[in-house]
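One structure is given here, and the rest of the page talks about it.
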Amino acid sequence: MTLPDPKKLDQIARMWNHRGHGLITEMNLKIEKVATDGVLVRMPFNPSFCADEDESLLHGGVLTALLDSVFGLANLVAIDRISSMATLDLRVDYLRPARSRADVMVRAECYRQTRHIAFNSGTVWFDEPNRAEVARGTASFALMRGERSLLDAMTRSRTSK
Amino acid sequence: MTPETITLQFRKIPFFRFLDLKVTEFDDTHAIATMPFADRLIGNPIMEHYHGGIIASLMEAVAAITAKSGRDGQPPKPINLTIDYLRPAVKGPLIVRATVTRKGKRMASVRTVSWQDDDSRPVAEGLHHFLVV
């Protein structure tokens, strides 16, 4: 396991925890572990993400959005000097109904990077004793490399507000 | 069912209230819905683009309407989805059209496309499978 540069890690954590608006803020994501070979993120239960009136079944789309977000984080951690990044395609298998009010856990990795493309895979489960896998996803991202890093831009746009 | 009654039913679903989607067209083979832009749907805070996962969520929601098994009205169970992202979705409403490719006794296959101002410039295309038993 390779740990990324602590300064970069701190920057990523600050950006994620204080970005102010957008879906990732709404999801209240907590970074639990980060390494260049994978990240672990927790999403607390949120009734507004449910697909039923009882508010105990998460909508599949939430898990898809969660995987997409955490793939992005895995890429930021694993790849240096990304100036911008865009999801090319995303594929998700729903392995069982997401029926629980427990926190959702996601582990995601960038398992291959080239100059232009990042390949990701990830898995989703509830923070419950059986850890049954609820969804699994893969994605590829188009990478734009450059001197002006995405991280710097995001951190700056936050502090300038 | 009319688009209005579906939209009203959708208001009972917490996540569809979060997306704030409105169904504008609906029949046996297709459905169209629109979603207004909101801060909570942003993925890229600098450019203010929609989050890719939210685009996928809207596409799945609209696909599910068309896959719905008629009589008992049970929601179909999503099996998987594949989304092809073609361009960024910018500030402004997002529209999704879902078209049933095949609906059998057990499975439904649905294609989706989303766009903003111009339906010849799609933001994303999707392929969705549902279990409808």
Side-chain angles (χ1 to χ4, degrees), chain A residues 15 18-27 46-72 84-98 135-142 150 153-158 160-161, chain B residues 9-21 35 37-64 67 74-89 96 112 123-131:
Chain A
M15 179 194 81
H18 308 284
R19 54 201 274 168
H21 65 310
L23 185 69
I24 291 174
T25 310
E26 204 68 30
M27 286 180 153
N46 182 339
S48 37
F49 294 157
C50 288
D52 60 340
E53 290 179 67
D54 295 342
E55 298 178 349
S56 64
L57 177 72
L58 286 183
H59 190 269
V62 175
L63 305 181
T64 298
L66 185 57
L67 279 163
D68 190 29
S69 297
V70 181
F71 288 153
S84 168
M85 158 171 71
T87 318
L88 273 181
D89 74 79
L90 179 61
R91 193 191 131 73
V92 178
D93 283 324
Y94 299 117
L95 304 175
R96 40 171 70 72
R136 193 181 288 200
T138 55
S140 56
F141 284 75
L150 181 63
M154 281 184 159
T155 321
R156 252 200 310 277
S157 82
R158 178 178 61 80
S160 66
K161 267 186 185 167
Chain B
Q9 278 183 13
F10 270 21
R11 291 282 141 193
K12 296 179 190 161
I13 305 295
F15 187 58
F16 294 163
R17 286 201 298 272
F18 180 84
L19 295 179
D20 195 18
L21 68 127
M35 177 176 79
F37 183 83
D39 262 9
R40 64 179 182 282
L41 308 178
I42 290 174
N44 178 333
I46 304 163
M47 309 293 288
E48 305 212 309
H49 291 161
Y50 277 91
H51 192 287
I54 284 292
I55 302 170
S57 294
L58 179 64
M59 293 169 95
E60 180 172 320
V62 185
Q74 282 294 310
K77 298 188 176 94
I79 302 166
N80 56 38
L81 59 85
T82 308
I83 307 289
D84 189 8
Y85 292 99
L86 303 169
R87 355 182 118 66
V96 169
T112 53
V123 162
E125 293 182 348
L127 174 59
H128 311 252
H129 292 111
F130 294 92
L131 196 62

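Letters go in sequence order (proteins before strands), and every chain restarts at 1. Note that the coordinates shown come from a computational prediction; the quantities given were computed from them, not determined experimentally.
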Fill in: Heavy-atom pairs under 4.5 Å with chain B, option from L58(A), N46(A), V62(A) with the top count
V62(A)
Worksheet entry | Closest non-hydrogen atom pair between S57(B) and H59(A), with its separation | O-CE1, 4.2 Å
Worksheet entry | chain A contact via I79(B) - which portion, at a heavy-atom distance below 4.5 Å | backbone
Response to the item:
Correct closest heavy-atom pair for C50(A) and P14(B) would be O-CD, 3.5 Å
Discussion item. Tell me which of these, L58(B), D84(B), D39(B), has more heavy-atom pairs under 4.5 Å with chain A than the rest.
Written reply: D39(B)
Discussion item. Given heavy-atom pairs under 4.5 angstrom as the criterion, report whether the side chain, backbone, both or neither of S69(A) touches chain B.
Written reply: both
Worksheet entry | Between CD1 on residue I13(B) and CD on residue E55(A), distance to nearest 0.5 Å | 10.0 Å
Worksheet entry | Beyond-backbone contact of L131(B) with Y94(A), side-chain heavy atoms, under 4.5 angstrom | no
Item to complete: Please check if atom CZ in R136(A) has more than 12 non-hydrogen atoms from other residues, nucleotides or ligands closer than 6.0 Å.
Response: no
Item to complete: Taking all non-hydrogen atoms of both residues into account, name the closest pair between E60(B) and G60(A) and its distance.
Response: OE2-CA, 3.9 Å
Fill in: Approximate separation, where rounding is to 0.5 Å, of H51(B) NE2 and E26(A) CD
11.5 Å
Worksheet entry | Which of L86(B), L19(B), I54(B), L127(B) touches chain A most, by non-hydrogen pairs under 4.5 Å | I54(B)
Worksheet item: When Y85(B) is tested against each of L90(A), L88(A), D89(A) for side-chain contact (heavy atoms from CB on, under 4.5 Å), which residue passes?
Response: L90(A)
Discussion item. What I'd like to find out is whether the side chain of P97(A) reaches to under 4.5 Å of the side chain of K77(B), using heavy atoms alone.
Written reply: no
Worksheet item: Pick from T64(A), L95(A), D93(A): which one makes a side-chain contact (heavy atoms from CB on, under 4.5 Å) with N80(B)?
Response: D93(A)
